[in-house]
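First comes the structure, then the notes that go with it.
The residues of the chain are indexed from 1 along the displayed sequence.
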Amino acid sequence: MPHLTCDLHIHTNASADGHCPVEQVLKTAKARGLDAVAITDHDTTAAAIRALSLETDILVIPGIEVSTKDGHVLILGTTKEYAAGKPARETIAEAKADGCVTIIPHPFHYFRHAVGLRDRKALKEADALEAYNSRYYIGTANSKAARIARRYQKPITSGSDAHDCEYVGFGENIIEADERSVEAVLSAIKAGKITARCTKTPVSTYLRQSKNNVRRKIRRRLCRRRSP
């Protein structure tokens, strides 16, 4: 049975806060020895679709990180763009009806659109919980996610949540798939045939990205106020 090394949460420059072209994401993934990556940009599958069209040795898992009313939800195995702003449980149900795998990323990270802080019941509806997110100050939120995942008997995943190429692979999942295919990887995740771990993104990088995100949100709000 193949053991595939995967990063299940990666952003490209198709995300408003991403900086890396998808081509470079795939090159970096290969250099890091990854077998597969999930392209999960914020509310768009444009880069995931682009990745599927490229010649690469990396298995591309198309996905999206949806901005629900209650926080972020990862949907894997799709090129569909799910509408933002719906309740998390509604988005999860829609994605599962489409045959996708749903993961709640950073479920207890404050200031990170954490579903677990707004709708704990949504965690029970998802297929898996991301208990290892590399973008953290200290490990308390990750530890809490791991405890809740075990309590709810949910598979645990890891994600680099990379917004820059240099952090691709910081979220590492060893997946026992029946074959080297997207369908086999998704089935293995749902079955819990996964071992997750992560490397911490440097605090300086996390602080810089957080500061830039705050500035971007302030600019958006100012623009809306100035609009007629």
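Remark: side-chain polar atoms of Ser67 are not paired, donor with acceptor, to backbone N or O of Ala84 under 3.5 angstrom. Side-chain atoms of Thr56 come within 3.5 Å of backbone N or O of Ile58 as a donor-acceptor pair. No donor-acceptor pair closer than 3.5 Å links the side chain of Thr45 to the backbone N or O of Ala48.
In this structure, Val37 is a member of the same hydrophobic cluster as Val22, with clusters built from ILVMFWY side-chain heavy atoms closer than 4.5 Å. Transitive grouping of hydrophobic side chains (ILVMFWY, heavy atoms separated by less than 4.5 Å) keeps Tyr132 and Leu4 in distinct clusters. Put simply, Val66 and Leu123 are part of the same group of oily side chains (I, L, V, M, F, W, Y) that touch within less than 4.5 Å, one to the next. A single hydrophobic cluster is seen to contain both Tyr152 and Val73, as judged by linkage of ILVMFWY side chains at heavy-atom distances under 4.5 Å, directly or through other members. When the side chains of ILVMFWY residues are joined at heavy-atom separations under 4.5 Å, either directly or via intervening members, Ile10 and Leu59 end up in two distinct hydrophobic clusters.
For residues 89-104, the salt bridge (Lys or Arg N to Asp or Glu O under 4.0 Å) pairs, not counting sequence neighbours, are Lys80-Glu94, Lys80-Asp98, Lys86-Glu94, Arg89-Asp119, Lys96-Asp127. Screening residues 79-108 for ring pair (Phe, Tyr, Trp, His ring centres under 6.0 Å) gives His72-His106 as the qualifying pairs, with residues at least two apart or on separate chains. Residue pairs satisfying the salt bridge (Lys or Arg N to Asp or Glu O under 4.0 Å) criterion with at least one member in residues 63-77, sequence neighbours excluded, are absent. Sequence neighbours left out, the pairs with a member in residues 29-56 that pass salt bridge (Lys or Arg N to Asp or Glu O under 4.0 Å) are Glu23-Arg50, Lys30-Asp57.
A heavy-atom distance below 4.5 Å is not found between the side chains of Leu74 and Leu8. Residues His109 and Asn133 are in side-chain contact: their nearest non-hydrogen atoms beyond the backbone lie under 4.5 Å apart. For the pair Arg135 and Arg112, the minimum side-chain heavy-atom distance is below 4.5 Å. Under the 4.5 Å side-chain criterion, counting only non-hydrogen atoms from C-beta, Ile75 is in contact with Thr91. For the pair Asp164/Cys20, no side-chain contact is recorded, criterion being any heavy-atom separation below 4.5 Å from C-beta on. Within the 4.5 Å cutoff, the side chain of Leu52 has heavy atoms near those of the Pro62 side chain.
Shown here for Leu186 and Gly77, the closest heavy-atom pair between the two residues is CD1-CA, 3.7 Å. Contact between Glu176 and Ala188 at its shortest, heavy atoms only, is O-CB, 3.5 Å. Contact record, Ala47 with Thr12: CB-OG1, 3.2 Å, taken as the closest heavy-atom pair. Cys100 and Thr78 make their closest contact through SG-CB, 3.7 Å (heavy atoms, listed as atom of the first residue, atom of the second, distance). Of all heavy-atom pairs between Glu130 and Ala145, the closest is O-CB, 4.0 Å. Between Pro107 and Ala114, the shortest heavy-atom contact is O-CB, 3.1 Å.
Judged purely by distance below 3.5 Å, without hydrogens or angles, the side chains of Glu81 and Thr44 pair a donor atom with an acceptor atom. Donor-acceptor pairing under 3.5 Å is lacking for the side chains of Asn13 and His19. A donor and an acceptor atom, one from each side chain of Asp7 and Ser160, are located under 3.5 Å apart. Under the 3.5 Å distance criterion, with hydrogens and angles disregarded, a donor-acceptor pair is assigned to the side chains of His11 and Asp161.
A distance of 10.0 Å separates CG of Leu54 from NZ of Lys27, quoted to the nearest 0.5 Å. Annotation: the span from Leu76 atom CG to Thr40 atom OG1 amounts to 7.5 Å, rounded to 0.5 Å. Here the CD atom belonging to Glu125 is positioned 10.0 Å from the CD1 atom belonging to Ile104, to the nearest 0.5 angstrom. To the nearest 0.5 angstrom, Ile61 atom CD1 is 10.0 Å from Glu183 atom CD. Rounding to the nearest 0.5 Å places CD1 of Ile156 at 7.5 Å from CG of Leu129. Atoms CG and OG1, on Asn173 and Thr195 in that order, are 9.0 Å from each other to the nearest 0.5 Å.
Residue Ile174 shares its hydrophobic cluster (ILVMFWY side chains chained together at separations under 4.5 Å) with no other residue.
For Phe170, the ring pair (Phe, Tyr, Trp, His ring centres under 6.0 Å) test picks out Tyr167, with sequence neighbours left out.
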Candidate pair Ser134 and Lys200, rule side-chain contact (heavy atoms from CB on, under 4.5 Å), full reasoning: CA-CA 5 Å; Ser134 76; Lys200 183 177 180 179; 5.9 Å; no
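Residue Arg197 places its CZ atom among 12 or fewer non-hydrogen atoms of other residues, nucleotides or ligands, all under 6.0 Å distant.
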